[in-house]
Amino acid sequence: MKTDVVVVGGGPAAHRLAARLVQYGHRGTVTVIGAEDNAPYNRALLGSVLDGTLSPGQLTLPALPSTVRLLTGTRVRTIDRARHTVRLDDGRELTYDVLVLATGARPRLPWVPGLVTARGQLADGVRTVRTATDCHPLPAGPVTVLGGGILGVESALRLRRAGHEVTLVHREHALMERYFDAGACAVLDDLLAERGVAVQLGRRATEFMPGKLVLDDGQVVAAGTLLLCTGVEPETAPARACELAVRDGVVVDDRLRTSDPHIHAIGDCAEHAGAVGATVTGAWEQADALARILTGTNRPFSPSPQVLRPRIADFDAVALTPASAKGIEEAEETISLMDRAGGRYAWLALRGGRIQRGVVIGPAVAAVGFLHERAAVLPEDRLALLTGSDGTYAEDGVLPDDAVVCHCNNVTHAALRQAWTGGAHDPAALARATRATTGCGSCTGVVRELCATLGSPPQAQGGAS
Amino acid sequence: MSADPGAVRAGEGTRESTTHCPYCALQCATVLSGGHGDVAVRPSPDFPVNQGGLCQKGWTAPAVLGAPDRLLTPLVRGPDGELAPADWDHALDLIANRLAWLDSRHGPDAVAVFGGGGLTNEKAYTLGKFARVALGTSQIDYNGRFCMSSAAAAACEAFGLDRGLPFPVTDLAEADAVLLAGANPAETMPPLMRHLAWADLVVIDPRRTRTAERAALHLQPAPGTDLALALGLLHLAVTEGLADKEYIDARTTGFDAAWQSCVAWWPERVEQVTGVPAHDQRAAVRLLGGARRAYVLTGRGAEQHSKGADTVAAFINLALALGLPGTPGSGFGTLTGQGNGQGGREMGQKTDQLPGYRSLTDPADRAHVASVWGVDPASLPEPGRSAYELLDALGTPTGPKALLVFGSNPVVSAPRAAHITARLNALDLLVVADFVPSETAALADVVLPVAQWAEEEGTMTNLEGRVLRRRRHLRPPPEVRTDLEVLHALAVRLGQPAHRFPTRPRDVFDELRRASAGSRADYSGISYERLDAGEALHWPCPAENAGDDGRGGHPGTPRPFLDRFAHPDGRARFVAVDHRPAAQTPDTAFPLYGTTGRVLAQYQSGAQTRRVPELTAAAPEMVVEIHPDTARRLHLDDGRLAEVTSAHGTVRARVRTTRTLRPDTVFLPFHYPGAARANLITGDALDPRSRMPEFKVSAVRITPTGEGP
């Protein structure tokens, strides 16, 4: 059946949905309506623009297939559910068979005097990290980051790395407290201290003045730029205006449908199973699922277990949470590892050998995250997993007889000894007799050593053992 | 043969011959001595590629010359269903009559030809010509489709030319860093490691192979995710400030689109998809980007996927971003697999290609080759089916009714082997030319015994695009013919003029020089004389300023991209690609990844190496490697038999627990026959551009067989 799809929003979720609809053979038109002037771009990397690693233009996502109609710099003014139309602020009207809300989220602004001008704009020097227009490299000078969640911590470390003097102010008593437990927080605190980010915990901002931020204990911190990382709110206004069910986000079911079966919602504006999305990868997962649903695969959306992976250079951390709040059951087993000096930490709650939730810092992050996302059973050697080793240790001591010394020619230690006994007393002679060393040549050292050992007096061989 | 400088001393049985190993694309130089029954081989010390090295396969290669079950006479399947000895005239008449009858009844495409990447240039060339001219069929492809096609498609698109290594292997020895993506040369071409001893190796492989053990950094992605990893490495090259902007501006096009295609692949996301830690990705890019001289090399591990061409393209993009290809001391390349895997893909046995990489769809290319062949360009067929599609169509109402197989053993080496075996069995006529009774020969209606490596003259083109002389050390057994003689005899019986299908390799080579003249893979300046005089000649080598024998001519092109790439604008092209999952991924019914590959002591389908006692002792039977945790959970004991099952079939193998394997992956070598064929589990997903089957990823389950060893 031919269905015309209209997507409200032009962010990464809308981009992915449009691309996948075409890829999966959607019949009918696809129209994407973006409020921003830019073509869809990868919002997840805005931090790289802040610190000057990338330019805003470099975040542009691949061009959509030519069959997708992309409207930028225009907003949806009204949605007429009865007539299946949307009206844009430039007066145009579009008809849909399926409407998808991918309106994203906007920064949540704390109430701090001086933050917002009388005209409702952010004051000079106050910035958010949400759109390409509010993201350009920060001017030199001290930065205060307000908010110690994932974005705040990432941004603080990034800006510090780019040479700024950085203060991180967080109203809670621990950073990233929604995801990190006390052990993980301790390791994170160490990292921030080591990298020279000043941290103010348990503090609220009471006033912003050009160049400085006043905290609730009277401290004044330098803030040539004040970067707000105080969370986001799902953009639900269009949904509310047309009276769809909205709680924190636009409520959707397992087919990503809102309370109107002709309207779907995905990404940061949507609330599925009680949870509002927080990551671009989560939004892409929904976009992909919806593209499949709309092109005929009637498989319900089932989110993967969540892997939250802060983007911090040379520091690996991951917070693991269940796919949805429903998934939390009593843990049967917990594992923990604390190596604060070594910058490693792990706490995992397991059930049936699978991770329920946890937090890991250090080299095990990749393996643990990979297993959690696929709900896979952990390997039996948990310590090896958490230390990032494979649990084997280099063998030491005397080579066993059947050890293969030259793999290219399948020559064992015993064969080399036998050749020695037969009169081959140097590497060249052993090579002629056994072909050892004649392949890739990498066993030449071992063969040379063997010659030395076999050639030395017997008491020396027994020596230390 | 007295003029042959390869023959150090005259008189069979006493002289020595310098030639090259019959196996992989490294083509190690060897010296043969001794006569029938006691041929001995030793590595030639002065050939730069192997520098006196040789692996166990090379050392034991003479054993195949005297294999106890060597084919010594034509065999024809009788009314009793058994293959029985026959004389040549009877066998050839029978084939020619059946082919002519099928042609008259169903048209020329009722007859198909399947070639191999181990055939000499002369044989590969003649086979393609035979198909197009003597049979008039479009239905020809070869086993190199299963080997080099993804790398070839990507290299042609990026560089305008597919030359596996566009530099001599000895250049690698000067490198500071080498990235090996899905390549395991320590086991597949061990002497190559001599050139990789100095560089820091970054090895991308789901398995901790012997090559990975030597790596400075081993990235161990989940099977089927190399493309995401390659995209992530390009992403990092840019964000880490390692992209070579000057090079990108001066020597390439298309960077912006390629960057856009990896803007969504930041390292932490790549980590989630591939399992490769973000810090290892960074370390890899820093190692490569910080090296003064660096190479990116791909192998079958990255290429044998339904997205193989895109994966290679992504690695080429990475190399281009770092400014490597065409820069002295740096580069991109692919490690060709089969002995003549390079020459074999240039000579016109590929279904869409004529000799010299000329295209069957280009009128000028058709006209050139037709004029060399003395036929009307309009008589040349159009491109036909790719290898898997060709095999899949055999014996179907619209597919070929007869198949001639030269230098290949698809019963073992083709994907979805049980199905392909059934297709072969559905043919009206299967003809197999081989020197041992391969598993495919065992199904044939007619088996033709042909000469093997040490019994024939010819040329091979190794992985560096260097043309080498294969030299005859022994006369073939009395009733054994060369492939050229077989093709000649069939062509004449099919009404071709005798001169059109010469049987002397040197005459064929002279003709292929003309056929390739002016092409991208130009051999016209190469001659037996120049090769025999010891010249190191890499194509393209046009015939300029040279005498008839080519002497004093073009020096060959060891490094073709130093000044310009082969596209008309001289620039390399970035190609925007995106990651996609494998055709089959693990699910509840098939919860593990199954991946196939090679072991050191066997080669390809094993038809040769399984006949060498020393190699059989080293790698005697089919094994399935599995992580001990996975084995324990599934009640599999080390050393016991198990069945590995995919949606396509079941293979029996002995369990070998391997601690370093990923717990979600089992590994199956593909060299074994019968119920032990790894390809019983592989499927029919093909790369849309290269038509490469997905050998490297299947979703499988594994169960004990319930019986003892």
Side-chain angles (χ1 to χ4, degrees), chain A residues 12 15-16 19 23 41-42 44-45 48 53-54 57-63 280-281 284 304 307 309-316 318 353 363-367 369-371 373-374 376-381 388 390-392 404 406-411 431-432 435 437-442, chain B residues 43 51-56 58-59 185-187 190-194 196-197 208 210 214 222 238-241 256-257 259-261 263-264 266-269 271-280 282 576 578 580 586 600-601 614-615 617-619 627-630 632-633 659-660 663-664:
Chain A
H15 176 270
R16 175 60 58 93
Q23 188 185 331
Y41 59 90
N42 183 9
L45 297 189
S48 301
T53 305
L54 295 175
Q58 282 179 297
L59 302 193
T60 307
L61 289 164
V280 169
T281 46
W284 280 337
S304 307
V307 176
R309 183 76 164 85
R311 301 182 57 238
I312 300 171
D314 300 311
F315 178 78
D316 297 301
V318 72
V365 157
F370 194 86
L371 292 168
E373 196 175 343
R374 288 152 187 80
V377 174
L378 296 195
E380 288 172 26
D381 190 341
D390 63 17
T392 56
V404 175
C406 171
H407 288 280
C408 299
N409 280 291
N410 197 32
V411 184
R432 278 194 300 276
R435 301 178 193 149
T437 74
T438 64
C440 70
S442 70
Chain B
Q51 299 179 338
L54 209 55
C55 76
Q56 194 177 16
W59 277 110
E187 285 175 273
L192 180 74
M193 296 306 284
R194 292 169 178 260
L196 295 172
R208 176 95 50 96
R210 295 217 175 281
R214 300 226 213 132
V238 173
T239 57
E240 296 282 309
D256 290 344
W259 161 256
Q260 281 182 3
S261 68
V263 71
W266 65 92
E268 291 78 8
R269 173 160 182 246
E271 175 184 291
Q272 277 171 253
V273 171
T274 64
V276 175
H279 61 84
D280 284 350
R282 274 199 188 86
D578 198 8
R580 57 184 183 270
L600 192 150
E614 281 184 69
L615 299 177
H627 191 277
D629 275 10
T630 314
R632 207 169 306 130
R633 212 170 62 238
R659 269 214 79 81
T660 55
D664 58 6

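Here the structure is a predicted model, which means the values were calculated and not measured. In what follows, chains are A, B, ... by sequence order, proteins preceding strands, each numbered from 1.
Interface remark: A:Gln58 contributes backbone and side-chain atoms alike to the contact with chain B (heavy atom separation under 4.5 Å). With a threshold of 4.5 angstrom between heavy atoms, B:Pro191 approaches chain A through its backbone and through its side chain. For B:Thr630, no part sits under 4.5 Å from any heavy atom of chain A, backbone or side chain. For chain A, the nearby part of B:Val276 is the backbone; its heavy atoms alone come within less than 4.5 Å. For a residue to count as touching a neighbouring chain, one of its non-hydrogen atoms must lie under 4.5 Å from one of that chain's; by this rule A:Pro12 does not touch chain B. Both the backbone and the side chain of A:Thr60 come within contact range of chain B, each with at least one heavy atom under 4.5 Å from a heavy atom of that chain. For B:Asp256, no part lies near chain A; criterion is any non-hydrogen pair under 4.5 Å. Heavy-atom distances place no part of B:Ala257 under 4.5 Å from chain A, backbone and side chain included. No part of B:Ala197 comes within reach of chain A, as not one of its non-hydrogen atoms sits under 4.5 angstrom from that chain. Only the side chain of B:Arg269 comes within less than 4.5 Å of a heavy atom in chain A; its backbone stays farther off. Only the side chain of A:Arg16 comes within contact range of chain B, with at least one heavy atom under 4.5 Å from a heavy atom of that chain. Heavy atoms closer than 4.5 Å to chain B are found in the side chain of A:Asn42, but not in its backbone. Heavy atoms closer than 4.5 Å to chain A are found nowhere in B:Gln51, neither backbone nor side chain.
Two residues are said to be in side-chain contact when any heavy atoms from C-beta on lie closer than 4.5 Å; A:Cys440 and B:Arg210 fail this criterion. Counting heavy atoms from C-beta on, the side chains of B:Val238 and A:Leu54 come closer than 4.5 Å.
Most heavy-atom pairs under 4.5 Å with chain A: of the set B:Pro663, B:Ala186, B:Ala264, this distinction falls to B:Ala264. Note: B:Glu271 leads B:Met193, B:Glu240, B:Glu271 in heavy-atom pairs under 4.5 Å with chain A. Heavy-atom pairs under 4.5 Å with chain B peak, among A:Glu373, A:Arg311, A:Gln23, at A:Arg311. Among A:Tyr41, A:Trp284, A:Phe315, the residue making the largest number of heavy-atom pairs under 4.5 Å with chain B is A:Trp284. Highest contact tally toward chain B, considering only A:Ala313, A:Ala366, A:Ser442, is held by A:Ala366 [criterion: heavy-atom pairs under 4.5 Å].
Note that SG of A:Cys408 and CD of B:Gln56 are 9.5 Å apart. Values are rounded to the nearest 0.5 Å. Summarising the geometry, atom CG belonging to B:Leu600 is positioned 8.5 Å from atom CG belonging to A:Asn410; distances are rounded to the nearest 0.5 Å.
The shortest heavy-atom contact between A:Ala44 and B:Trp266 is CB-CH2, 3.7 Å. Contact detail for B:Trp59 and A:Arg435: the closest heavy-atom pair is CG-CD, 3.1 Å. Looking at every heavy atom in both residues, B:Thr274 comes nearest to A:Phe370 through C-CE1, 3.6 Å. Scanning all heavy atoms of the two residues, the minimum distance from A:Leu45 to B:Val263 falls at CD1-O, 3.3 Å. Taking both residues in full, the closest heavy atoms of B:His279 and A:Asp316 are given as CD2-OD2, 2.7 Å, listed atom of the first, atom of the second, then distance. Taking both residues in full, the closest heavy atoms of B:Gln260 and A:Leu61 are given as OE1-O, 3.6 Å, listed atom of the first, atom of the second, then distance.
Remark: the backbone N or O of A:Gly439 is paired with a side-chain donor or acceptor of B:Arg194 at under 3.5 angstrom.
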